[in-house]
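For reference, the structure is listed below as structure tokens.
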Protein chains: 4
Amino acid sequence: MSSKPLRADARRNRARILDAAGEVFAERGAAASTEEVAARAGVAIGTVFRHFPTKQDLLGAILKDLLADLTSAGDADLFAFFTRVVTAAAEKKVVVELLAQEGVTVGVEGPVAALGDTLGGLLATAKEVGTVRAEVRLDEVLALLTATAQGALRGGWSADLRDRVLALVFAGLAP
Amino acid sequence: MSSKPLRADARRNRARILDAAGEVFAERGAAASTEEVAARAGVAIGTVFRHFPTKQDLLGAILKDLLADLTSAGDADLFAFFTRVVTAAAEKKVVVELLAQEGVTVGVEGPVAALGDTLGGLLATAKEVGTVRAEVRLDEVLALLTATAQGALRGGWSADLRDRVLALVFAGLAP
Amino acid sequence: MSSKPLRADARRNRARILDAAGEVFAERGAAASTEEVAARAGVAIGTVFRHFPTKQDLLGAILKDLLADLTSAGDADLFAFFTRVVTAAAEKKVVVELLAQEGVTVGVEGPVAALGDTLGGLLATAKEVGTVRAEVRLDEVLALLTATAQGALRGGWSADLRDRVLALVFAGLAP
Amino acid sequence: MSSKPLRADARRNRARILDAAGEVFAERGAAASTEEVAARAGVAIGTVFRHFPTKQDLLGAILKDLLADLTSAGDADLFAFFTRVVTAAAEKKVVVELLAQEGVTVGVEGPVAALGDTLGGLLATAKEVGTVRAEVRLDEVLALLTATAQGALRGGWSADLRDRVLALVFAGLAP
DNA sequence: AATGAATGAGGATTCATTCAT
DNA sequence: GATGAATGAATCCTCATTCAT
């Protein structure tokens, strides 16, 4: 599953590039140039392409990372999870740009599925506990999550507005 | 505020370009080339730039048009209006791409404000009639509308999914 | 068959580019950069790509041109034709590089076939007149022609050497 | 003239690289990447450059090898030798690409001269025996050989066509 | 000696925009 | 006003070569 372990410096560079790319794309959107990512990471352009043979691969890797982050945090509560994802999205421009996009599906199927699984588990629990209506389905919640995340990101919502919108959404899910 | 009246053929071309651009950008996103818009409109590239000195201007004009369309249709019901906007968004890729974007703010302040006004009026009525809770504020509804529209567009929701998501949203607004 | 006639300046540029490309590729081989072609032609790089959307297209066009030149000159004699082709090849590095190459088959089928036709006609005549043995086949002559042309080009033969080699070749064809 | 004796593994690697390079360049032409040669040889890219400081050097070494092969085989007959060279060329794409090229003259003067010597000897014998006309000169034969080899390679001649072309060439040399 | 990561110049191609016709 | 050719900066990507490990 994993190829041979990278040399220390290579691993360091990979991380730097990923960080830089996260920032750059968060600021300028996915249209930002790979050159700028390289500059921000403090490496030559060739190094970026050695680690991520294609711009798509780079974007995919970022998305994968973020999704993994979101999924692995282990919230016990659907609402808390929902809130966290939306908040994170607001900080990562790309994520949302990419989440539903055609182009970038390279190697993110797993992480995306994981997100769905996490959400599914939390939704089931929420129904049992009675904080969410029984007839609410997973795809609806996922769609609502994606939509809200996108809205928060692209709309530049204030923290206050975001909380109020989330309150409305949660009210819609409640019995 | 308005420039000199256009020649008949110029006015015709302007309309054609706007139509073509609407289609092209709806299909390919805002990254589609101006050249393709010109081709679809059946005019030369120079003509496009004569009418819209910048690609941004063209995008702005489309957005303005669409917003005007949405605003002027005169729905009597907040929910109907909400539904219509979301449905329209799903068909116009750009609209949503642009609605919250920094770049394209050229000349759309008016139309955006108009949309807010329309929504405000419908919201007030809904509160009076009692279909929406009294404490719900306009900016929340607008944010929710934008988010749902974006979700519908970029997520490629089916009509069925869209309806179910809207039901959840409306439930959140209801008393 | 032919698209709309080009504007005067466009036609002039197309010719310039073709000339420049002929020179550049003749000197440096097909690996020479399109940028250099543009520079030599005195146009911007974009202009080259407007006329020839791909480097391959440019190479193909050169080949086509040269083949057309060779074919249309109307030699009455197989040996004269053979000599002329070989001599021309020595001056056009690319031609030979391309003549048998896989990549560049875009739109040259016609011209190549024409060359074969011309050669076929001259061969038939030569057999009738008795300057070439009856059992010699067209594909052999074509192969010999290509080979000699390539040799002359890449080997950098002197005019004297070329003539002596041609004499040997012609001796091989004679009864 | 010769550097210090190589370590056993170094000598082994040199051979492997040369083999791999022969294959790769034969398949893809001289434009193939050094990286691929390294991969095929099962060594790291650095190792290739340690043995052959420049791509040109690598190409030169291959050529040298092949020429040595051809020269040392010891044919007793000019025609047999000629045939063997042409046949070999058809299998080694680079050889012919390189034989007359400017770039690659590093250290091949010797081998090329050796080829000339071999050919010269066979030609002299052939004249004595009377299978080749007395006035045929060495440079002509060498030129013809190179040309035919190139033709065979780049033209992708079938074995049958190759034989027929060789027959024509030999006829041209015969009294 | 070998490894393989990093470098960075170079090259093909695209596209918003300008301007001569 | 319309046309469409020309411009050239910007972008993605490749690959020979260097150098730290």
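Note on naming: letters A, B, ... go to the chains in the order of the sequence lines (proteins, then strands), and numbering restarts at 1 for each one. Model, not experiment: these values are computed from the prediction.
- With F:dA2, E:dA5, F:dA5 as the choices, the nucleotide that has an atom nearest any side-chain atom of C:Arg50 turns out to be F:dA5.
- In this structure, D:Lys55 places its NZ atom 8 Å from C1' of F:dC15, rounding to the nearest Å.
- Rounded to an integer number of Å, the gap from CD1 of A:Ile17 to P of E:dA5 is 12 Å.
- The CD1 atom of B:Ile17 sits 12.0 Å away from the CZ atom of B:Arg12 when rounded to the nearest 0.5 Å.
- For A:Thr47, no side-chain nitrogen or oxygen approaches OP1 or OP2 of E:dA5 to under 4.0 Å.
- Look at CD1 on D:Ile45: it is 9 Å from C1' on F:dT17, rounded to the nearest Å.
- Between A:Leu58 atom CG and F:dC12 atom P there is a gap of 10 Å when expressed in whole angstrom units.
- The shortest heavy-atom contact between C:Ala32 and C:Phe25 is O-CE2, 3.5 Å.
- Qualifying side chain to side chain contact (heavy atoms under 4.5 Å, CB included) partners for D:Ala10, counting only residues two or more places apart in sequence or in other chains: D:Leu6, D:Arg7, D:His51.
- As a whole-Å value, the separation of A:Asn13 CG from E:dG4 P is 17 Å.
- Remark on the helix from E:dA2-F:dT21 to E:dT21-F:dA2: inter-end axis angle 10°, axes from five-pair C1' superpositions, rounded to 10°.
- Atom CD of A:Gln56 and atom P of F:dC13 are 8 Å apart (whole Å).
- The closest side-chain heavy-atom distance from A:Leu63 to A:Leu67 is below 4.5 Å.
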Under 3.5 Å between N/O atoms: give me all the protein pairs with nucleotides 19-21 of chain E, atom names plus distance.
none

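- With rounding to the nearest 0.5 angstrom, the OG1 atom of C:Thr34 is 8.0 Å from the CG atom of C:Leu59.
- If you measure from atom CZ of C:Phe52 to atom P of F:dA6, you get 11 Å, rounded to the nearest angstrom.
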Name each donor-acceptor pair under 3.5 Å that joins a side chain in residues 36-49 of chain B to protein atoms two or more places apart or in another chain, with its distance.
| from | atom 1 | to | atom 2 | distance (Å) |
| --- | --- | --- | --- | --- |
| B:Glu36 | OE1 | B:Arg28 | NE | 3.2 |
| B:Glu36 | OE2 | B:Arg28 | NE | 3.3 |
| B:Glu36 | OE2 | B:Arg28 | NH2 | 3.1 |
| B:Arg40 | NH1 | B:Glu23 | OE1 | 2.9 |
| B:Arg40 | NH1 | B:Glu27 | OE2 | 3.3 |
| B:Arg40 | NH2 | B:Glu27 | OE1 | 3.1 |

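- Rounded to the nearest 0.5 angstrom, B:Asp69 CG and B:Leu66 CG are separated by 6.0 Å.
- Taking atom CZ on B:Phe49 and atom C1' on F:dG1, their separation rounds to 17 Å, with Å as the unit.
- For the pair C:Phe52 and C:Leu58, the tightest heavy-atom approach, listed with the atom from each and the gap, is CD1-CD1, 3.6 Å.
- The side-chain hydrogen bond (donor to acceptor under 3.5 Å, both in side chains) search around D:Glu35 returns none, not counting sequence neighbours.
- The CG atom of D:Asn13 sits 11.0 Å away from the CZ atom of D:Arg50 when rounded to the nearest 0.5 Å.
- Remark: nothing in residues 32-41 of chain A comes within less than 4.0 Å of DNA chain E through any heavy atom.
- Going from atom NZ of B:Lys64 over to atom CG of B:Asp57 covers 10.0 Å, rounded to the nearest 0.5 Å.
- DNA chain E is contacted by both D:His51 and C:Thr54; D:His51 maps to the nucleotide lying nearer its 5′ end (nearest heavy atom per residue).
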